[in-house]
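Note that the coordinates shown come from a computational prediction; the quantities given were computed from them, not determined experimentally.
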Amino acid sequence: MATDIMRHTVFKTPWGYFGLACRDGLVCRTVLPAPSRDAAREALLTEAGPDEVPFERGLLSILQDRINAYFEGEKVDFSTDPAVDLSHFSPFSRAILMACRQIDMGQKQTYTQLAEAAGRPHAARAVGNVMAHNPIPLIVPCHRVVRTDGGLGGFSAIGGTAMKERMLIHERSRERTFSFAGVGG
DNA sequence: CAGCACTAATTCA
DNA sequence: TGAATTAGTGCTG
């Protein structure tokens with residue numbers, strides 16, 4: 001393909017302005033909802049400037065709809081779709097990011113569990129490193145990874161740990177809507 | 001080699 | 001009990 005030019009978009013969700021960048025149809029970066037369009041774009045294009053990464057309003061519009069649905073409270077599964085670009089990561093980091101991506105909406109996993117999934121049972125701290133550099137939050141739901149002792153753990157994406165907690169509550173409150181049918185609370 | 005989004009064990013109120 | 005410290009840990013730049 002000759003079209004390996006990177007493009008980006010920023011669109012409004014109920015939580016703020018969400019940033020999305022892709023290349024060759026592969027999502028290579030996302031930023032969680034920011035208070036303004038500019039803030040989202042700035043966070044999205046840290047390396048290259050907007051001149052090199054053209055804006056395209058309808059970029060991956062289906063995905064935009066799904067992301068929007070997520071913030072509206074619908075159950076959305078990003079575990080196999082869209083395709084993402086993780087090519088510049090080490091095998092270890094890729095394994096961790098891919099394992100993380102399998103965590104369902106509303107579910108949680110510990111740093112240790114992710115380490116085990118990648119065959120490195122004692123690499124919890126290294127897992128934290130990988131999460132800290134996750135380029136595609138939400139698609140790779142790094143906010144669903146918490147500490148073994150029940151603590152939240154860190155969060156370096158937009159909004160910090162407050163955003164992490166808000167997203168977890170958002171996902172958990174969905175479950176509650178359905179729980180009255182079966183196991184009561 | 002130093003620095004981490006971790007964790008289990010120890011220490012000290 | 002429980003907060004605070006100390007080791008131990010594995011990957012990355």
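Atom name C1', nucleotides dG8(C) and dC4(B): the rounded distance is 14 Å, in whole Å.
Aromatic pair Y70(A)/H170(A): ring centres closer than 6.0 Å.
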Exercise for review: Give DNA chain B the dot-bracket treatment, 5' to 3': Watson-Crick (N1-N3 with N6-O4 or O6-N4) or G-U (N1-O2, O6-N3) under 3.5 Å, [ ] crossing, | other strand.
Suggested key: ||||.||||||||

Point to revise | Intermediate values then yes/no, side-chain hydrogen bond (donor to acceptor under 3.5 Å, both in side chains), E165(A) and H143(A) | key: CA-CA 8 Å; E165(A) 182 166 32; H143(A) 61 281; over 6 Å; no

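Residue pairs meeting the side chain to side chain donor-acceptor pair (under 3.5 Å) criterion with at least one member in residues 82-95 of chain A, sequence neighbours excluded: D85(A)-S87(A), S90(A)-S93(A).
Applying the 4.0 Å criterion to OP1 and OP2 of dC6(B), one finds that R147(A) has a side-chain N or O inside that range. One finds a side-chain N or O of R120(A) lying less than 4.0 angstrom from the OP1 or OP2 phosphate oxygen of dC11(C). Of the side-chain N and O atoms in T112(A), none sit less than 4.0 angstrom from OP1 or OP2 of dC6(B).
Residue H133(A) contributes atom NE2, which lies 7 Å from atom P of dG13(C) at whole-angstrom precision.
Each of dT7(B), dC4(B), dA5(B) was ranked by its minimum atom distance to the side chain of T110(A); first place goes to dT7(B). With distances taken from any side-chain atom of S90(A) to the nucleotides dG10(C), dA8(B), dT12(C), the minimum falls on dT12(C). Of the candidates dT7(B), dA5(B), dG10(C), the closest approach to any side-chain atom of S156(A) belongs to dA5(B).
Residue S93(A) is in sugar-phosphate contact alone, with no base atom involved, counting any heavy-atom pair closer than 4.0 Å across all strands shown.
Screening L138(A), V31(A), V10(A), N68(A) against F18(A) for a side-chain contact (heavy atoms from CB on, under 4.5 Å) leaves a single residue, L138(A).
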